[in-house]
Amino acid sequence: MSLKVYNTLTGKLEEFVPLDPPKVLIYTCGVTVYDDSHVGHGRSLIVFDTFRRFLEHLGYHVRFVRNFTDVDDKIINRAKEECTDFMTIANRYIASYYRDMEAIRVKPADVEPRVTEHIEEIIDVIQRLIEGGYAYVSDGDVYFSVKSFKDYGKLSKRSPEEMEAGARVEPSEKKRDPLDFALWKSSKEGEPSWDSPWGPGRPGWHTECVAMAFKHLGRTIDIHGGGLDLVFPHHENEIAQAEAITGRPFARYWLHNGLVTVGGQKMSKSLGNYVTLREIYTRYHPDILRLLVLFTHYRSPLDFSWEKMEESQRAYERLKGAIEDYEVLKSLKVVKDRAGGTHPLYERVRSMEADFLEALSDDFNTPEAMSHLFSLVSELGKIKNRAYSEGKIAGSELSAYEFASKSLHNLMKKMFGLLEDLDPECSVERVVERELEAGDVVDTKLIDLLVEVRNIARKDKNFKIADFIRDRLGELGIELEDTPAGTRWKKS
RNA sequence: GGCGACGUGGCCGAGCGGUUAGGCGAGGGACUGCAAAUCCCUUUUACGGCGGUUCGAAUCCGCCCGUCGCCUCCA
């Protein structure tokens with residue numbers, strides 16, 4: 001099976017061929033740690049986490065690097081506001097980031113480098129650029145000379161001439177050309193600074209990713225990713241620096257995820273229309289956000305709303321229910337069936353798996369992959385419905401159901417990172433944690449007792465009491481469901 | 001102004017030259033003590049507008065209208 005990906009650099013769908021298979025080298029630009037991450041960051045993280053999972057499934061050995069920008073203007077400003085140093089701010093939000101990633105189940109990268117730990121490498125890159133005639137020193141600053149790199153603009157598809165015509169670029173006394181960008185900034189009083197051949201200062205934003213990619217992955221990487229809003233100027237500038245030094249392609253494939261919008265407008269700090277990841281996962285199971293993200297193709301814009309979270313929640317419950325209901329079916333009366341041959345469900349599962357993987361191979365078409373999952377869920381629902389109404393299930397059908405539900409669960413878990421806590425080890429802790437945060441811990445034993453009482457009432461046809469218990473539990477956020485195998489309850 | 005996307009049924013959202021996407025919602029039915037869950041049926045000129053190419057277009061081309069992104073820090 002060949003994987004096709006959309007390469008921003010060429011603007012085309014291309015077959016994915018790593019430089020040195022089975023190795024796949026991926027670099028994505030991580031967050032600037034000056035505040036909590038929001039849904040926009042979350043989407044990018046989830047998208048690339050999914051790519052990585054799929055590549056690993058295809059048998060590639062993925063080496064994944066995602067950096068932290070832990071020194072920049074915003075961090076410094078924030079530190080000033082709080083009368084503390086920038087490192088305190090950076091460390092605080094790195095911790096917050098890790099907490100978020102664990103909650104939304106994005107696997108850590110293999111290397112998560114910090115800018116402040118790579119100053120030497122950054123200086124080295126800048127020095128090479130100066131030596132090569134691509135950069136110049138100007139009063140303690142160092143700038144990259146955009147006109148010196150002939151391919152400038154190839155990623156974002158714009159030429160320096162056009163950009164000058166558009167000219168919203170701030171002219172600076174120190175720059176020779178308004179399009180030039182800073183590689184090294186001399187530091188002002190009280191700002192973090194490091195010694196360099198050009199005097200004390202700190203790195204500009206665009207060099208760090210080049211230096212860290214060189215160090216941890218090499219001179220040409222397979223995939224460079226990030227949000228669509230990084231294409232220009234950040235990624236364009238990365239290409240200019242890296243390729244000016246090496247004379248060869250920096251990344252073979254440039255992959256960009258679409259942005260998250262709110263009411264059609266980009267979600268961003270500056271507009272103030274953002275929702276933090278923490279807000280999401282304290283209100284919803286983290287899988288709901290994942291599902292929401294995967295329900296849209298990664299390159300399309302994704303308009304966030306709480307209504308959509310509710311929709312995903314429903315869809316999620318259906319998915320989850322199909323898998324969990326195996327436990328109910330198992331406790332029904334299982335009858336022997338003389339029927340020979342294999343159950344047609346096995347074939348359905350096989351073709352679903354094939355369709356699912358094929359969809360992912362087509363530029364990670366997760367919405368289509370998802371649709372195949374749901375068509376199997378419908379199949380399972382039919383079986384379940386029949387078994388419930390007959391109060392029994394054939395042994396062969398039960399095994400087929402188990403096979404199908406395991407296949408569903410495996411794909412979701414492995415490829416999409418969903419339903420991981422259906423495994424008993426993970427569940428309790430997470431649920432309790434969320435309940436503590438929501439501030440409404442319930443005593444499960446007490447609920448079981450009430451359910452028992454209600455079932456006694458039902459047996460006696462005292463539906464008034466039975467319904468009263470159900471209603472009151474419902475008000476407390478406990479939903480009851482009477483199945484042929486007894487009453488089950490869950491938190492709503 | 002320049003560059004780049006996008007406009008699909010009640011909503012969301014795949015498809016991108018001929019065959020059922022899928023999800024959510026709504027209405028009806030089956031099941032249930034009633035619910036819930038699940039299933040079945042319905043929501044059958046869906047593809048921004050106007051032209052063009054083609055035996056055939058949501059899918060290709062042109063123009064127009066509308067929305068958004070980037071051009072400044074941003075996942």
Side-chain angles (χ1 to χ4, degrees), chain A residues 8 11 28-32 34 37-48 66 69 72-74 153 156-159 161-170 179 205 225-234 236 256-261 264-271 291-292 295-297 299-303 305 307-308 310-319 321-322 325 328 355 359 362 365-375 377-378 380-390 458 461-463 466-467 470-471 474 479-484 487-490:
Chain A
T8 308
T28 65
C29 297
V31 291
T32 300
Y34 74 103
S37 303
H38 59 64
V39 176
H41 304 111
R43 180 186 195 189
S44 192
L45 266 354
I46 289 169
V47 160
F48 284 96
R66 182 170 45 217
T69 298
D72 100 327
D73 290 345
K74 287 180 180 171
S156 53
K157 283 144 189 89
R158 57 188 96 197
S159 66
E161 291 73 37
E162 284 165 3
M163 285 184 267
E164 280 188 344
R168 244 208 279 163
V169 189
E170 289 287 313
L179 297 180
W205 178 37
L228 202 57
D229 54 353
L230 293 184
V231 172
F232 190 90
H234 186 53
E236 193 70 63
H256 293 97
N257 63 276
L259 303 178
V260 174
T261 57
Q265 294 247 298
K266 178 180 171 181
M267 179 181 284
S268 70
K269 282 277 153 57
S270 41
L271 285 171
L291 202 62
L292 177 65
F295 252 123
T296 302
H297 187 94
R299 285 195 279 124
S300 304
L302 168 56
D303 200 54
S305 69
E307 290 71 36
K308 275 191 190 162
E310 286 295 320
E311 279 182 24
S312 306
Q313 165 106 293
R314 304 254 163 69
Y316 176 72
E317 266 154 23
R318 233 183 111 204
L319 229 34
D325 287 339
V328 179
D355 291 344
D362 181 18
N365 195 333
T366 54
E368 198 190 317
M370 202 68 87
S371 78
H372 297 303
L373 251 34
F374 273 95
S375 62
V377 168
S378 288
L380 293 182
K382 283 175 198 171
I383 291 173
K384 179 188 151 191
N385 195 42
R386 197 172 59 239
Y388 273 28
S389 57
E390 289 175 3
R458 284 173 70 213
K461 301 212 185 299
N462 190 341
F463 299 119
D467 290 349
R470 183 171 62 197
D471 291 348
E479 282 175 20
L480 300 191
E481 183 185 336
D482 298 321
T483 76
T487 302
R488 294 197 297 168
W489 65 266
K490 62 175 182 183

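Every chain is numbered from 1 and lettered A, B, ... according to where its sequence line falls, protein lines coming before strand lines.
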Interatomic distance at [atom1], [N] relative to [M], whole Å:
N: B/C41; M: B/C31; atom1: C1'; answer: 16 Å
N: B/C71; M: B/C64; atom1: C1'; answer: 25 Å
N: B/G29; M: B/C34; atom1: P; answer: 14 Å
N: B/G18; M: B/A57; atom1: C1'; answer: 9 Å
N: B/G10; M: B/G66; atom1: P; answer: 24 Å
N: B/G22; M: B/C63; atom1: C1'; answer: 34 Å
N: B/A37; M: B/C24; atom1: P; answer: 11 Å
N: B/A26; M: B/C12; atom1: C1'; answer: 15 Å

Please round to the nearest 0.5 Å and tell me the distance separating atom [atom1] of [X] and atom [atom2] of [Y].
X: A/Leu380; Y: A/Asp325; atom1: CG; atom2: CG; answer: 9.0 Å
X: A/Arg43; Y: A/Leu259; atom1: CZ; atom2: CG; answer: 7.5 Å
X: A/Met267; Y: A/Thr261; atom1: CE; atom2: OG1; answer: 8.0 Å
X: A/Ser268; Y: A/Asp229; atom1: OG; atom2: CG; answer: 9.5 Å
X: A/Asn385; Y: A/Ser378; atom1: CG; atom2: OG; answer: 12.0 Å
X: A/Gln265; Y: A/Asp303; atom1: CD; atom2: CG; answer: 10.0 Å

For [N], which nucleotide in any strand shown is its Watson-Crick or wobble partner with both distances under 3.5 Å?
N: B/U43; value: B/G25
N: B/C60; value: B/G52
N: B/A37; value: none
N: B/G7; value: B/C65

Regarding [X], tell me which of base, sugar-phosphate or nothing describes its non-hydrogen contacts under 4.0 Å with the strands shown.
X: A/Leu45; answer: nothing
X: A/Ser300; answer: sugar-phosphate
X: A/Gly321; answer: nothing
X: A/Leu228; answer: nothing
X: A/Val47; answer: nothing
X: A/Gly30; answer: sugar-phosphate
X: A/Phe463; answer: base
X: A/Arg458; answer: base
X: A/Lys461; answer: nothing
X: A/Ser312; answer: nothing
X: A/Arg470; answer: base
X: A/Lys74; answer: base

Problem - Pairwise side-chain contact, A/Thr296 with A/Lys308, heavy-atom cut-off 4.5 Å (strictly under) - result: no
Handout entry: Six-ring centre of A/Phe232, A/Arg158 cation under 6.0 angstrom, axis tolerance 45°
Key = yes
Exercise for the section: Answer yes or no for A/Lys269 and A/Tyr34: cation-pi contact, defined as NZ/CZ to six-membered ring centre under 6.0 Å and angle to ring axis within 45°. Expected result: yes
Rounding to an integer number of Å, can you tell me how far [X] [atom1] sits from [N] [atom2]?
X: A/Tyr34; N: B/A75; atom1: OH; atom2: C1'; value: 11 Å
X: A/Asp355; N: B/A14; atom1: CG; atom2: P; value: 18 Å
X: A/Asp303; N: B/U8; atom1: CG; atom2: C1'; value: 16 Å
X: A/Leu373; N: B/G22; atom1: CG; atom2: C1'; value: 11 Å
X: A/Leu271; N: B/C68; atom1: CG; atom2: P; value: 12 Å
X: A/Leu302; N: B/C68; atom1: CG; atom2: C1'; value: 14 Å
X: A/Lys384; N: B/U38; atom1: NZ; atom2: P; value: 6 Å
X: A/Asp73; N: B/U72; atom1: CG; atom2: P; value: 15 Å

Problem - Upstream residue (5' side of RNA chain B) when A/Phe232 and A/Arg299 are each assigned their closest nucleotide - result: A/Arg299
Completion exercise
Assign each of A/Ser44 and A/Leu480 the nucleotide of RNA chain B bearing its closest heavy atom; nearer the 5' end lies the nucleotide of A/Leu480
Problem - Presence of donor-acceptor pair under 3.5 Å, side chain of A/Asp229 and base of B/C71 - result: no
Is it true that a side-chain atom of [X] and a backbone atom of [Y] form a donor plus acceptor pair closer than 3.5 Å?
X: A/Ser375; Y: A/His372; value: yes
X: A/Glu236; Y: A/Ser156; value: yes
X: A/Asp362; Y: A/Asn365; value: no

Fill in the blank from the handout: In short, A/Lys157 meets A/Gly11 closest at the heavy-atom pair NZ-N, 4.2 Å
Handout entry: Over all atoms of both residues, closest heavy-atom pair of A/Ser44 and A/Gly226
Key = OG-C, 4.2 Å
Nearest to the side chain of [X], which nucleotide is it out of [options]?
X: A/Glu311; options: B/C71, B/C11, B/A75; answer: B/C11
X: A/Lys382; options: B/G2, B/C39, B/G33; answer: B/C39
X: A/Leu259; options: B/C71, B/A36, B/A75; answer: B/A75
X: A/Lys308; options: B/G13, B/U38, B/G69; answer: B/G13
X: A/Asp72; options: B/G13, B/G23, B/C73; answer: B/C73
X: A/Cys29; options: B/A75, B/A36, B/C70; answer: B/A75

Report yes if at least one side-chain N or O of [X] is closer than 4.0 Å to OP1 or OP2 of [N]; otherwise report no.
X: A/Arg318; N: B/C39; answer: yes
X: A/Lys157; N: B/C71; answer: no
X: A/Thr32; N: B/A75; answer: yes

Would you tabulate the nitrogen or oxygen pairs shorter than 3.5 Å linking the protein to nucleotides 25-31 of chain B?
from, atom 1, to, atom 2, distance (Å)
B/G25, OP1, A/Arg314, NH1, 3.2

Exercise for the section: Please indicate yes or no: is the ring centre of A/Phe295 less than 5.5 Å from the centre of the six-membered base ring of B/G23, with the two planes inclined by under 30 degrees? Expected result: no
Handout entry: Nucleotide-resolved protein contact map, nucleotides 15-21 of chain B, B/S/- at heavy-atom distance under 4.0 Å
Key = S-----B
